[in-house]
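Here the structure is laid out as structure tokens; the discussion comes afterwards.
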Amino acid sequence: MTTPRIGGVSLHQTGSWIEPSSSSGLGVSIQPGERSLGESLSRRVPIGRPSRRCIRRSVDAVDNRAEVREFLISRRAKITPQQAGLPEMGSRRVPGLRRGEVAALAGVSIEYYSKLERGALAGVSASVLDAIARALQLDDAERAHLFHLAHAADGTSAGMRPRRRPGKRWTPRPALQWVLDKFTAPAIIRNGRMDLLASNHLGRAMHATLYDAAGEEPNFARLTFLNLDAAHDFYPDWDGAADTCVAILRTEAGRDPHDKDLHDLVGELSTRSDDFRRRWSAHNVRYHGAGTKHFHHHDVGDLELAYESVDMISEPGLTLTLYAAEPGSATAHALDLLASWTAVIDDAIEDAHQPS
């Protein structure tokens, strides 16, 4: 039986607990009572659904070497000799390229590449990282993730992180909310942990399922993996949405490996969702800039929306996403209907708050 893994940690079940065999790349250690922030993840992680009233999460330092090792191994396994332009020679015990083949393609010795694959990225030059990225045929998101892992190994990632006040939920400036409300199409703002932080009226109406499931602190990842009935109804292609969600979280983990809230979220999802844990162990990353999404709204039906996502210069770490329907399409008519209902509701609420 395959040993389950959370991030870079192998887990062995012992009774009602899961015992990590090494420290995790990203995860949590959940225990009753008080725990310090620096406590090791090599304690116990309960399986099943933890009670939010009787547990506290603590975040271990990121095991960067494990993250590097598993990322490089997973990318190497995806490239066939044919894709790399190499002859197929002899049987292979594992899929993908051998270490020696990657080393040859990158122009480094097999001993040096083996050292890198064991997680020793500290001090590696940009030219070597580029050569490894080319040999493994990494896309833009994967290449950036490799460089982020190298920055974390060097200890330089801490100085590159956006600074935010800990423990305080971000809210949009009034002027920013005014800008959002000027868009006639749905518009939302989220962070790398997939928290939905702000929206305009139509954006909120479109994501009613998310707000209904989570109240005032909606999170796409929790909806996707912990509210399966609602998520499968909201996302017609649930598997695709789940893959994208985890890839965004994994990308954020590489960009900011010391984010405590992200650690806590990953640990929560890993202990409560097999679907999440399996996808997290794949180490897939992606940029989520533009494309088409499909949703099902419980009032107006199926929606096919183009989207554009942009990083916010004024709010580092946050992403603004704008949606649009093809003019004259069924989705455009559905959004018009949803907008009219939203306007009626907003007018009724405003009238109810007017002095008599």
How far does [atom1] of [X] sit from [atom2] of [Y], to the nearest 0.5 angstrom?
| X | Y | atom1 | atom2 | answer |
| --- | --- | --- | --- | --- |
| Asp181 | Phe183 | CG | CZ | 10.5 Å |
| Lys78 | Thr80 | NZ | OG1 | 12.5 Å |
| Phe225 | Leu265 | CZ | CG | 10.0 Å |
| Arg277 | Thr271 | CZ | OG1 | 8.0 Å |
| Arg193 | Asp261 | CZ | CG | 4.5 Å |
| Thr331 | Phe295 | OG1 | CZ | 10.5 Å |

Can you get from Trp170 to Leu320 by hopping between Ile, Leu, Val, Met, Phe, Trp and Tyr side chains that sit under 4.5 Å apart?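 Yes, Trp170 and Leu320 fall within the same hydrophobic cluster.
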Will you find, in the side chains of [X] and [Y], an N or O donor that is under 3.5 Å from an N or O acceptor?
| X | Y | result |
| --- | --- | --- |
| Ser125 | Ser127 | yes |
| Thr244 | Arg286 | yes |
| Asp195 | Asn219 | yes |
| Asn284 | Arg75 | yes |
| Ser199 | Tyr211 | yes |

Between His207 and Phe220, is the ring centroid distance below 6.0 Å?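 Distance test on ring centres: under 6.0 Å, yes.
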Kindly state whether the ring of His297 and the ring of Phe234 have centres lying under 6.0 angstrom apart.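 For His297 and Phe234, the ring centres are not under 6.0 Å apart.
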Is a side-chain N or O of [X] found less than 3.5 angstrom from the main chain of [Y], in a donor-acceptor match?
| X | Y | value |
| --- | --- | --- |
| His232 | Thr224 | no |
| Asp311 | Pro316 | no |
| Asn227 | Ala230 | no |
| Glu101 | Arg98 | yes |
| Trp280 | Ala247 | no |
| Asn200 | Ala185 | yes |
| Glu315 | Met312 | no |

Return the minimal non-hydrogen interatomic distance between [X] and [Y], and the atom names on each side.
| X | Y | value |
| --- | --- | --- |
| Ile189 | Leu196 | O-CD1, 3.6 Å |
| His263 | Pro257 | NE2-O, 2.8 Å |
| Leu121 | Asp154 | O-OD1, 4.4 Å |
| Gly119 | Asn64 | O-OD1, 4.4 Å |
| Ala106 | Ile132 | CB-CD1, 3.7 Å |
| Ala213 | Leu223 | CB-CD1, 4.0 Å |

Does this structure show an ion pair linking [X] with [Y], if we count only N-O contacts that are shorter than 4.0 Å?
| X | Y | value |
| --- | --- | --- |
| Glu67 | Arg250 | yes |
| Asp239 | Arg279 | yes |
| Glu117 | Arg76 | yes |
| Lys260 | Asp264 | yes |

Side-chain heavy-atom pair [X], [Y] within 4.5 angstrom cut-off:
| X | Y | value |
| --- | --- | --- |
| Met194 | Cys245 | yes |
| Thr171 | Leu197 | no |
| Leu249 | Leu262 | yes |
| His333 | Leu338 | no |
| Leu105 | Tyr113 | no |
| Glu70 | Ser281 | no |
| Leu303 | Tyr323 | no |
| Ile110 | Val102 | no |

Heavy atoms of other groups near Asp299 CG, more than 12 under 6.0 Å: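 Yes - once you tally the heavy atoms of other residues, nucleotides and ligands closer than 6.0 Å, there are more than 12.
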Could you walk me through whether Glu268 and Arg272 pass the salt bridge (Lys or Arg N to Asp or Glu O under 4.0 Å) check? CA-CA 6 Å; Glu268 177 189 0; Arg272 297 176 63 184; 3.0 Å; yes
Audit row: Arg69, Leu116, side chain to side chain contact (heavy atoms under 4.5 Å, CB included) steps and yes/no: CA-CA 8 Å; Arg69 180 174 63 251; Leu116 299 184; over 6 Å; no
Could you go through the side chain to side chain contact (heavy atoms under 4.5 Å, CB included) check for Leu335 and Leu305 one step at a time? CA-CA 10 Å; Leu335 284 184; Leu305 294 167; 3.6 Å; yes
Run Trp341 and Val300 through side chain to side chain contact (heavy atoms under 4.5 Å, CB included) and show every step you take. CA-CA 10 Å; Trp341 289 349; Val300 298; 3.8 Å; yes
In sequence, state the C-alpha distance, the side-chain angles, and the governing distance for Asn191 and Thr319, and then conclude on side chain to side chain contact (heavy atoms under 4.5 Å, CB included). CA-CA 6 Å; Asn191 59 20; Thr319 299; over 6 Å; no
Working for ring-ring contact (aromatic ring centres under 6.0 Å, His included), residues Tyr235 and His296: CA-CA 6 Å; Tyr235 297 116; His296 178 81; over 10 Å; no
Which pairs count as ring pair (Phe, Tyr, Trp, His ring centres under 6.0 Å) when at least one residue sits in residues 68-93, sequence neighbours excluded?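 As it turns out, the ring pair (Phe, Tyr, Trp, His ring centres under 6.0 Å) pairs with a partner in residues 68-93, which skip direct neighbours, are Phe71-His145.
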